[in-house]
*Asks:* 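Have a look at the structure that comes next, please.
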Amino acid sequence: MEAVRIVQGRAVPLDRSDVDTDQIIPSDWLKQVERTGFEKGLFSEWRDEPDFVMNKEEHAGAKVLVAGPNFGTGSSREHAVWAIMQYGFEAVISPRFGPIFANNSTKNGLVCVQVDGEIVQQIMAAVVADPTTEIVIDVERLTLEVQSLDITVPFHLSESVQHRFLNGLDDIGLTMQKADDISAFETGRPAYMPSAG
Amino acid sequence: MSNQPRTLSQKVWDNHVVKAEDDGTALLYIDLHLVHEVTSPQAFEGLRMTGRTVRRPDLTVATEDHNVPTENQHLPIADEIGRKQVETLRANTAEFGITNYPMGHKNQGIVHVIGPELGLTLPGMTVVCGDSHTSTHGAFGALAFGIGTSEVEHVLATQTLPQPPQETMAITINGELPEGATAKDVVLAVLARTGTSGGIGAIAEYRGSVIENLSMEGRMTVCNMSIEWGAKAGLIAPDEVTFEYLKGRPHAPTGADWDAAVEAWRALATDEGATFDREIVMDGSECVPHITWGTNPGQVAPIDSNVPAPESFESPEERDAAERALEYMGLSAGMAMRDIEIDTVFIGSCTNSRIEDLRAAAAVAQGRSVKNGVRTLVVPGSGLVEEQAKAEGLDKIFTDAGFDWREPGCSMCLAMNPDKLAPGERSASTSNRNFEGRQGRGGRTHLVSPQVAAATAIMGHVALPEDLA
Ligand code: SF4
C-alpha cells in the first residue's frame, strides 16, 4: 500500500446510520476476480436516485466521506474498502465503524476516523451548509481538523497501524520476517490437530 | 502461562501467540483457513504478484458456495462472471495444492456448514475465513472470526494473523427456553437486547443453562449471528455435547489422539474467578419466537407483538433508522407481526441449513401445504446435509407440501446466484441479514427461525407452528 500522511479536501455528507457493506457494494459486484473497477459499484443502488448526495455536483472530487454511526457493519467483503478508495475517497469519518471494515481499511490505507457523534454531526452540518468546507486529517499527529468550525480533535490508530500508514508498509512482508518464530511455533502444535489434505 | 484465572477465549488466544508486540498486538497462529470463491481471487493474485506461496495448504480447505446455483449443479454455471469466479477458485486451489470441494461433491456446501461436519473445526482452534459468519465455528470453543481479502492473503502466505488485543464479554442466559422457542430466537433476543453494536470490540462467550442445553446445531446458529450484534467472535465452552458431535467425524482425531484431545479441550472452559470486561445477563424467558421488522438485525421483536413506532425509540439515531426502515419495508407502525403477508420463504444459509433445522421445518410442513402463490426455497447447507435429509425422507415431506427442494449453497442468503427477491417482494428467511437489498434489489427480508419460516409458508403470513390448524 501507499504511504498516507495527510488527507486534505472536501467531504460528502452521508447522513445515515448503519450503512452496511451490502449498501456500500451490493453482492452482484463481488463476482469479479480482479482488484480494480469497484468504484462503479460504490453505493450503486442509492446512486441510481438522482438526488442521492454523492450525485450532487458540488461534492465531486471529495476525498472524505462523513457518515452516521455503525458505518461498514455486516459482511467482511474488502470490496467495500476497495470501492470507496477507487472512487476517490481517502478517509471516512464516523462515530463508530464495523470492526472488520475498519480492519480491512488498515490493509489498504483508507483512514477510518472515529470521533464523537456530536463532532460528526457538526461536520456533517458544516459540509451540508458549505460543500467547500475543507477537512484535514493528519495521520502523523492523529488529528482531525476543520478550520471553518475551529475544531481540532484527536482520533485513534494503533501504533502499528499508524506506522504502516506512514511508511506504506505491507503487513505480509513484516510477518515474513518472523518466519523462524512461526516455524518454532509449528513444532509445538498438538499431534491431534487435523490436517485438511 | 500465569496462574491467573482466564476465560475460554483468553486460553485459546494464549495458546496461539507466535509473537507478542509491546502494544498488545499478537501474531496468532491459524489452525484452519477456510476459503471460498468470492473473497479469495484477489488474495491468490496477490501471492502470484509477490512470488509468495501458500505456507500450509494442508491447513487450508476451499469450497464453492456463495455464487453457485441451487438447481442443475451438474451443469456449468450459466452466469458468466459467476462461472469465472468458480473456475478461478479451482485453478488457484490446484496451483497451490489446496483441497477444494467443488459443486456436486458430497463434501461441498456452505463453508461454515462443512467445516464442523467434516470434523475440521475442533475445540481450542483458531479458525478464519474470508466471511464474517466464521463466528459459527465458535460453537465448538474455537476462536473463529471473519477476515478480509488482504488478511486471506496474509494467512495463505504465513498461516498467521496479527491481531490487536480484544475485550472479553460474557453473555449469560439462565433459566429455560419458553415452549416453541429455538436457538434462532435466542440470538434474535440477544440482538433485541444489544442492537447491532452491543458487542463491538469484544470476543463474546455465551454461557448459562439455555446455552448448555442447546444441541451443537443450535449452538452454531447462536454463534453464527455474533457478528450481527457486533462481536468479533462468539464462543461456547466445549462439553460432552461437543465431544459427542465430533467423535467419528472424518477429520476428528482417533484413538490415543482423541483421548489427549478431549483432555485438552476440557481444560479450555473459563476458570472459576476469571473476569470479563463486559457482561450481559439474560433470562431464557426473553427468548420467545422473534422476527425482524426492519433493515438491520437489531430491529427485531417478538412475533407476538406489533411493528414498533419510530417514536418509541429513545435515541434520534434509532428513530431515524426505524423511520427509514419502515418506509423501505412497506410496513406501518402498530400492525401485528402476524398480519405481515409474505411472498417468499427461504429456509437455508449458514445460520439454519443443518439437518436439525431441516427436520424442524419438515415437522411443521408434514401433511400440510404451502399457501397458494407463496414461493419457497429449501436449501440444504451441504452435500452431506442433503444426503442425510434424503435418507430421512425430509425432501419428500417438503416437496409433498409444495416446497421447492434445492441443491446446497448460500442461495438467497445473499442473492449472488439466481435465487433473488424481486423489488418489493417480501421474504421470511432463516438467514442472518435483513439489510436493504441483501436478498435482491428492493427485496424486503424478515429473519425468523426454520419453524416459523415453515409455518409462514403454509399460512402466507407470519405465523408460529402453533397457529396452524
Ligand atoms: S450462507 Fe450467507 S452468511 Fe453464510 S456464508 Fe453464505 S452468504 Fe455468508
Side-chain angles (χ1 to χ4, degrees), chain A residues 1 15-18 20-23 26-28 30-35 45 68-70 73-79 81-82 96-101 103-104 106-108 117 158-161 170-176 178-179 181-182 184-186 189-197, chain B residues 18-19 21 23 25 27 29 31 38-39 41-42 45 57-61 67 81-82 84-85 88 99 119-120 122 130-132 146-151 153-154 157-160 162 164 196-197 200-201 232 251-253 257 260-261 264 296 317 320-321 414-416 433 435-438 441:
Chain A
M1 84 187 198
D15 196 3
R16 298 185 185 193
S17 65
D18 295 284
D20 55 77
T21 53
D22 273 81
Q23 309 313 321
S27 66
D28 266 349
L30 309 188
K31 291 182 188 168
Q32 295 191 56
V33 295
E34 298 82 18
R35 226 184 166 121
E45 297 195 359
N70 298 329
T73 49
S75 147
S76 65
R77 57 188 73 165
E78 196 160 321
H79 314 66
V81 174
W82 300 334
R96 199 159 50 227
F97 289 93
I100 305 182
F101 176 87
N103 190 42
N104 286 339
T106 69
K107 311 292 174 185
N108 292 274
S158 80
E159 248 174 73
S160 54
V161 168
D170 161 6
D171 237 1
I172 301 181
L174 289 177
T175 298
M176 286 190 122
K178 297 171 189 151
D181 295 307
I182 301 173
F185 183 92
E186 280 175 333
R189 292 179 76 235
Y192 57 76
M193 284 294 194
S195 128
Chain B
V18 171
K19 204 161 186 346
E21 303 295 336
D23 69 352
T25 303
L27 187 65
Y29 197 81
D31 292 317
V38 175
T39 55
Q42 294 87 357
E45 189 54 27
D58 60 323
L59 304 184
T60 313
V61 180
N67 80 32
I81 325 173
K84 183 165 172 214
Q85 201 166 49
T88 304
T99 302
L120 288 164
L122 298 178
D131 184 282
S132 57
I147 58 179
T149 298
S150 295
E151 291 176 309
E153 185 179 338
H154 193 286
T158 70
Q159 203 58 34
T160 64
T196 52
S197 59
I200 283 187
K232 181 181 180 81
H251 291 270
D257 276 347
N296 75 56
E317 239 172 63
D320 282 2
L414 93 165
M416 269 189 85
R433 288 191 172 138
F435 298 149
E436 286 183 24
R438 170 78 177 184
R441 188 171 184 149

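Just so it is clear, the model here is predicted, and its values are computed rather than measured. Just so it is clear: chains get the letters A, B, ... in the order the sequence lines come, proteins before strands, and each one is counted from 1.
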*Asks:* Side chain, backbone, both or neither: which part of A:E159 has a heavy atom under 4.5 Å from chain B?
*Replies:*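 A:E159 touches chain B through backbone and side-chain heavy atoms alike.
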
*Asks:* A:S75 versus chain B, heavy atoms under 4.5 Å apart: side chain, backbone, both or neither?
*Replies:*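 Contact with chain B: backbone and side chain both.
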
*Asks:* What part of A:E34 is in contact with chain B, defined as an atom under 4.5 angstrom from a non-hydrogen atom: side chain, backbone, both or neither?
*Replies:*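 Both backbone and side chain of A:E34 come within 4.5 Å of chain B.
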
*Asks:* Most heavy-atom pairs under 4.5 angstrom with chain A, which of B:E436, B:E21, B:K19?
*Replies:*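 Result: the option with the highest number of such pairs is B:E436.
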
*Asks:* Report the distance from atom NZ of A:K107 to atom CE of A:M1, rounding to the nearest 0.5 Å.
*Replies:*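 Here the rounded value is 9.0 Å.
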
*Asks:* Could you work out, with side chain to side chain donor-acceptor pair (under 3.5 Å) as the rule, every residue matching A:S76, not counting sequence neighbours?
*Replies:*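 None.
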
*Asks:* Could you give the distance from CE (A:M193) to NE2 (B:H251), rounded to the nearest 0.5 Å?
*Replies:*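 A:M193 CE to B:H251 NE2: 15.0 Å, rounded to 0.5 Å.
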
*Asks:* Quick check on A:D171 against chain B: is it the side chain, the backbone, both or neither that has a heavy atom closer than 4.5 Å?
*Replies:*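 The answer is both parts of A:D171.
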
*Asks:* Pick one of side chain, backbone, both or neither for A:R35, based on which atoms fall under 4.5 Å of a heavy atom in chain B.
*Replies:*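 Its backbone and side chain both get close to chain B.
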
*Asks:* Between the main-chain N or O of B:I200 and the side-chain N or O of B:S197, is there a donor-acceptor pair closer than 3.5 Å?
*Replies:*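 Such a contact is absent between B:S197 side chain and B:I200 backbone.
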
*Asks:* Quick one: of B:G82, B:G146, B:P41, B:S150, who has the most non-hydrogen atom pairs under 4.5 Å with chain A?
*Replies:*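 Of the candidates given, the most pairs with chain A belong to B:S150.
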
*Asks:* Counting heavy-atom pairs under 4.5 Å with chain A, which one of B:R433, B:E317, B:K84, B:R441 comes out on top?
*Replies:*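 Most heavy-atom pairs within the cutoff with chain A belong to B:R441.
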
*Asks:* Where do B:Q42 and A:H79 land on the side chain to side chain contact (heavy atoms under 4.5 Å, CB included) test, with the steps shown first?
*Replies:* CA-CA 10 Å; B:Q42 294 87 357; A:H79 314 66; 4.2 Å; yes

*Asks:* For B:E151, which residues count as a salt bridge (charged side-chain N to carboxylate O under 4.0 Å, His left out) partner, sequence neighbours excluded?
*Replies:*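 B:E151: no salt bridge (charged side-chain N to carboxylate O under 4.0 Å, His left out) contacts found.
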
*Asks:* For the candidates B:T25, B:N67, B:L120, B:T39, which exhibits the highest count of non-hydrogen atom pairs separated by less than 4.5 Å from chain A?
*Replies:*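 The candidate making the most pairs under 4.5 Å is B:L120.
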
*Asks:* Pick one of side chain, backbone, both or neither for A:F97, based on which atoms fall under 4.5 Å of a heavy atom in chain B.
*Replies:*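 Answer is backbone: N, CA, C or O of A:F97 sit under 4.5 Å from chain B.
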
*Asks:* Under 4.5 Å from any heavy atom of chain A, what part of B:D320 do you find: side chain, backbone, both or neither?
*Replies:*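 No part of B:D320 comes within 4.5 Å of chain A.
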
*Asks:* Using a cut-off of under 4.5 Å for heavy-atom pairs, which of B:E153, B:Q159, B:E45 has the most such pairs with chain A?
*Replies:*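 Max contact count across the listed options: B:E153.
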
*Asks:* With a 4.5 angstrom heavy-atom cut-off, could you sort out which part of B:L414 is near chain A: side chain, backbone, both or neither?
*Replies:*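 Both parts, heavy atoms under 4.5 Å.
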
*Asks:* What part of A:I182 gets closer than 4.5 Å to chain B, counting heavy atoms only: side chain, backbone, both or neither?
*Replies:*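 Contact with chain B involves both backbone and side-chain atoms of A:I182.
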
*Asks:* Which atoms of A:D181 come close to chain B, meaning under 4.5 Å heavy atom to heavy atom: side chain ones, backbone ones, both, or neither?
*Replies:*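 Its backbone and side chain both get close to chain B.
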
*Asks:* Would you check, one step at a time, whether the test side chain to side chain contact (heavy atoms under 4.5 Å, CB included) holds for B:M416 with A:L30?
*Replies:* CA-CA 8 Å; B:M416 269 189 85; A:L30 309 188; 3.9 Å; yes

*Asks:* Which one of B:T196, B:T149, B:D131 has the most heavy-atom pairs closer than 4.5 Å to chain A?
*Replies:*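 Of B:T196, B:T149, B:D131, B:T149 has the most heavy-atom pairs under 4.5 Å with chain A.
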
*Asks:* About how many Å separate CG of B:L122 and CG of B:D31, when rounded to the nearest 0.5 Å?
*Replies:*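 B:D31 atom CG to B:L122 atom CG measures 9.0 Å (nearest 0.5 Å).
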
*Asks:* Side chain, backbone, both or neither: which part of A:F185 has an atom under 4.5 Å from a heavy atom of chain B?
*Replies:*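 The side chain, not the backbone.
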
*Asks:* Check for a donor-acceptor pair, side chain of B:Q85 on one end and backbone N or O of A:K31 on the other, with a separation under 3.5 Å.
*Replies:*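 Flag set: sc B:Q85 to bb A:K31 pair under 3.5 Å.
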
*Asks:* Side chain, backbone, both or neither: which part of A:P26 has a heavy atom under 4.5 Å from chain B?
*Replies:*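 Contact with chain B involves no heavy atom of A:P26 at all.
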
